[in-house]
Amino acid sequence: MMYEPLEFSEADYPQVEYQRREQFWDPIRLAIFTLVIAAIIGIAIGIVTHFVVEDDKSFYYLASFQVTNIKYNENYGMRTSKEFTQRSLQIERMMSRIFQRSSGPLRFIKSHVIKISPDANGVTILTVLMFRYPSTGNAERIKTKIENILYQSLKTKQLPFTINKSSFTLTSIDNKKMRNLLNNRCGIRMTPSNMPLPAFTSTERIIQGRETSVEGEWPWQASLQLKGAGHQCGASLISNTWLLTAAHCFRRNKDPSQWIVTFGTTITSPIVRRSVGRIILHENYRRETNENDIALAQLTTRVEFSNVVQRVCLPDSSIKLPPKTSVFVTGFGSIVDDGPTQNNLRQARVETISTDVCNRKDVYDGLITSGMLCAGFMEGKVDACKGDSGGPLVYDNRDIWYIVGIVSWGQSCALPKKPGVYTKVSQYRGWIASKTGI
Ligand SMILES: *[C@@H]1O[C@H](CO)[C@@H](O)[C@H](O)[C@H]1NC(C)=O
């Protein structure tokens, strides 16, 4: 059995029962209601107190400096290139070494390289630096502290790169500027207070997955819904107007006016809702073999990026993930074979499986073609399932998330030796560019 887009049944999430409203307020219900409200208020006070007691504030800076022992490579100009990614990671590690465990109340959170540009003496690095400091702090005085720590490190620490001290400049930027800097970049997850959301390291398992609790954890995840029939498929935001999904999601209905798209971690109370203006299926989608199971949907009006709605990065066509790379799949799909759609977004960590293994006689026996990617576990247990179709399989590289797969098919869900099969996005990078210009 292949994953079908959900059948045209009524949505399975809880429905409000209007006819019972009149007798709703009996004394016991009222007491329970009061208790629940009291508990919610209690928790809210707890959370507020926590933050007030912590009383730290975020301070953001834009740092620019020359590094004289790196030669410029033209691929540094492309943010998704391997060269830019590796260099940035090295620079970010060096920043951590410089600022971590500095004494006093200044806490280094992270750095994020924005740009590497050519320079007569090597390269110039532009990076965001994020710190926490007691809210009594003053951005200019903290700036002096940061500079002192850096200059001290240049003298005392063995650093892999030579920073030209006299080229170093530091500018304090506010929340909004920092948001804008990162908002026009893909694949970044932020909390509402503009702090980076850490990658989750625990083993979480959509079948045996865990519910996403934080809004903004997977800000590119969308729900594709058919009017009158509810959630059908997942999709991923790749620009202000374009979504990437699976072609098989539109097998029964290709009329854009019948579809809507929502964002947010629940289906019943979405943060943003949009109608669809255009659907583009891959010209060579083959329903019998699931080949080229990729499609694009364009929104009629653009969405604005925020910490809860954000686009995911498209990988370079050259990206190669070795087997057993950790990747995440997210969706509103069922958590048991043939079960109902979930109202809350779920996530699962799975691992890539090589095409050779996946094509073995006892696995998928040659059904995996060059445009497909297997991920899951050979022992089963953790997998995507019905209703997750079209949704993202993402890969984290220095806290930037790339969509490497689109949930496509699988034999049943989470069976041993039957891992999930995904459309390999890197294989279709050219096709996506040709249709969207992205
Ligand atoms: C260091 O930076 C300063 C200011 O940008 C520049 O004038 C100087 O030539 C640089 N020195 C080296 C060794 O690159």
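We count ligands from 1, going down the list as the structure has it; atoms in each ligand are counted the same way.
Protein heavy atoms all stay at least 4.0 Å away from atom 7 (O) of ligand 1.
By the ring pair (Phe, Tyr, Trp, His ring centres under 6.0 Å) test, Tyr285 is found to be paired with no residue, residues two or more places apart in sequence or in another chain being considered.
Protein heavy atom closest to atom 4 (C) of ligand 1, with residue, atom name and distance, is Ser166 O, 4.0 Å. The closest protein non-hydrogen atom to atom 11 (N) of ligand 1 is Asn164 ND2, 2.9 Å. In terms of protein heavy-atom proximity, atom 5 (O) of ligand 1 is nearest to Ser167 CB, 3.8 Å.
Every atom of ligand 1 with a heavy atom of Thr68 under 4.0 Å away is listed here by number and element: 14 (O). Shown in contact with Asn121 at under 4.0 Å from a heavy atom are these atoms of ligand 1, numbered in order with element: 9 (O), 12 (C), 14 (O).
Side-chain atoms of Gln90 and Arg87 form a donor-acceptor pair, as typed in the model, at a separation below 3.5 Å. Asn73 and Glu83 share no donor-acceptor pair across their side chains, judged by distance under 3.5 Å alone.
The cationic atom of Lys418 (NZ for Lys, CZ for Arg) lies less than 6.0 Å from the six-membered ring centre of Tyr364 and within 45° of the ring axis.
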Which atom pairs, one a donor and one an acceptor, fall under 3.5 Å between side chains of residues 110-117 and the rest of the protein, sequence neighbours left out?
residue, atom, partner, partner atom, Å
Lys110, NZ, Asp399, OD2, 2.9
Ser117, OG, Thr124, O, 3.4

